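Reviewing the structure listed below.
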Amino acid sequence: MFEKQIKIPEPEEIVNALPMPESLKRVKAERDRLVTDVITGKSNKLLVIVGPCSAHEAAPVLEYVKRLGKLNERVKDKLVLVPRIYTNKPRSRGVGYKGMFSQPDPTKSEDILKGIYAIRSLNINAIEASGLAAADEMLYPANIHYVEDLLSYIAVGARSCENQLHRLVASGVDGCVGIKNPMSGSVQVMLNSIYAAQSEQVFKLNGWQVKTGGNPLAHGILRGAVDGYGNDIPNFHYETVMQTAEGYAKSGLKNPAIIIDANHSNSGKRFKQQIRICEEVMQNRLYDADFKRIVKGFMLESFLEEGNQSADLVFGKSITDPCLGWCDTERLILDLAEKV
């Protein structure tokens, strides 16, 4: 049984009601270009997608992106920084806080319409405050058109990459889409997802038969795997990355690119390990030109305060997965810039 609660307007209505200012559209277009140039190999800069596990409250997120914007001025010759403003939170067991899109206030009940306006405001304010356009996860494909115009990077998560609708919608996104390997760790499944996203598709979406042109900017994110006993298995090491590169070479996919997710199963959610993982990957980039050519950057979980909390008591501390604190994040980003 489905109980109808609130009629949600079409994406076009909400985008028109809360549009991005023209001046910020130009900023966002330039950020799109910088990210695209990294994925296509036109630029040798390193892409760093960094920010909180989930954006549960606007004020600390805006403080975080302001700091990131200032840091960007110090590293922009070597790095392309993209703040994570993740407004949808996947849940392994399907219950719990599902992100700002569903719950703009994590202490209150779901209000999706209010959530949509909240995340549009947050992203617009973040671009204005930092000069950086954000990344978000496409957890619910039908919702992407409410926010796509605000984002420079869209991720498809490990639980979603095998889903047909995610693959098809990714084929119509006008920008970079990173597709994670599934929880099983199968690289072939990830490559199949990328192939589908890079191909033209015809399917039903939001009451329409739609056709897409394929997205040549779709690429892979290695986030580690989980075995049948719940153990984390990393896949950021030299051998596993080069096996993925070999799979790419056999697939004929456009713009071969890998982003290393330094948290999740690669770190076992031990957030401090992200620093060590980045150091190892950067050493491998120095060691092997082929490794450097395909590894385009990192995805990091970071917030103002390190760790996490069960309730929103400490300003700028994650209420979902534990994150690096700002001091460690700043040092890590500066170190990455020196090693590019």
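Small disclaimer: the values here were computed from a predicted structure and weren't measured. Counting from 1, the numbers follow the sequence of the chain as shown.
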Ignoring hydrogens and geometry beyond distance, is a side-chain donor-acceptor pair present between T40 and N255 at under 3.5 Å? no
Are any non-hydrogen side-chain atoms of L222 and I259 less than 4.5 angstrom apart? no
Output for pair (K292 NZ, N284 CG), nearest 0.5 Å, gives 13.0 Å
Tell me, which pairs form a side-chain hydrogen bond (donor to acceptor under 3.5 Å, both in side chains) where one or both residues lie in residues 48-62, sequence neighbours left out? S54-T320, H56-D312
Do I258 and Y248 have side chains that get closer than 4.5 Å, going by heavy atoms? yes
The test is salt bridge (charged side-chain N to carboxylate O under 4.0 Å, His left out); show your working for R223 and D232 and say whether it passes. CA-CA 10 Å; R223 52 86 69 204; D232 290 308; 5.6 Å; no
Any donor-acceptor pair under 3.5 Å linking the side chain of S102 with the backbone of G99? no
Nearest-0.5 Å distance, CD of residue Q198 to CD1 of residue I194: 7.0 Å
Please round to the nearest 0.5 Å and tell me the distance separating atom OG1 of T87 and atom NZ of K98. 14.5 Å
Whether the N235 and N181 side chains hold a donor-acceptor pair (N or O, under 3.5 Å, no angle test) is what I'd like checked. yes
Separation of N266 CG from I221 CD1 (nearest 0.5 Å): 11.5 Å
State, yes or no, whether a side-chain contact exists between V35 and L47 at a heavy-atom distance under 4.5 Å. yes
Count the heavy atoms of every other residue, nucleotide or ligand shown that sit under 6.0 Å from CZ of R74, and state whether that count exceeds 12. no
If the condition is ring pair (Phe, Tyr, Trp, His ring centres under 6.0 Å), which residues does F203 pass it with, not counting sequence neighbours? none
Keeping the roles fixed (side chain from Q309, backbone from V314), state whether a donor-acceptor pair exists under 3.5 Å. yes
Measuring only between side-chain heavy atoms, which start at C-beta, is V202 closer than 4.5 Å to V210? no
Answer whether the closest heavy-atom distance between the side chains of C278 and L300 falls below 4.5 Å. yes
Is there a side-chain contact between K296 and L46, using heavy atoms and a 4.5 Å cut-off? no
What side-chain hydrogen bond (donor to acceptor under 3.5 Å, both in side chains) pairs are there with at least one residue in residues 116-132, not counting sequence neighbours? R120-D149
How about NZ on K269, more than 12 heavy atoms from neighbouring residues, nucleotides or ligands closer than 6.0 Å, or not? no
Among residues two or more places apart or on two chains, list those pairs meeting side-chain hydrogen bond (donor to acceptor under 3.5 Å, both in side chains) that have a residue in residues 14-37. E22-K25, K28-D32, E30-R33, D32-S152, R33-D37
Hey, are the side chains of C161 and P182 touching, using non-hydrogen atoms and a 4.5 Å cut-off? yes
Return the set of residues passing ring pair (Phe, Tyr, Trp, His ring centres under 6.0 Å) with F291 (not counting sequence neighbours), or none when no residue passes. Y238
Would you find more than 12 non-hydrogen atoms of other residues, nucleotides or ligands less than 6.0 Å from D227 atom CG? yes
Quick check for you: to the nearest 0.5 Å, what is the distance between T329 atom OG1 and Q274 atom CD? 8.0 Å
Using 0.5 Å steps for rounding, measure from the NE2 atom of H237 to the CE atom of M242. 15.5 Å
Does a side-chain heavy-atom distance below 4.5 Å link M282 with F298? yes
Under the side-chain hydrogen bond (donor to acceptor under 3.5 Å, both in side chains) rule, what pairs show up with a residue in residues 60-70, not counting sequence neighbours? E63-R67, Y64-S302
Is any NZ, NE, NH1 or NH2 atom of the basic residue among K317 and E306 found under 4.0 Å from an Asp or Glu carboxylate oxygen of the other? no
Please confirm whether H219 and Y153 have ring centers closer than 6.0 angstrom. yes
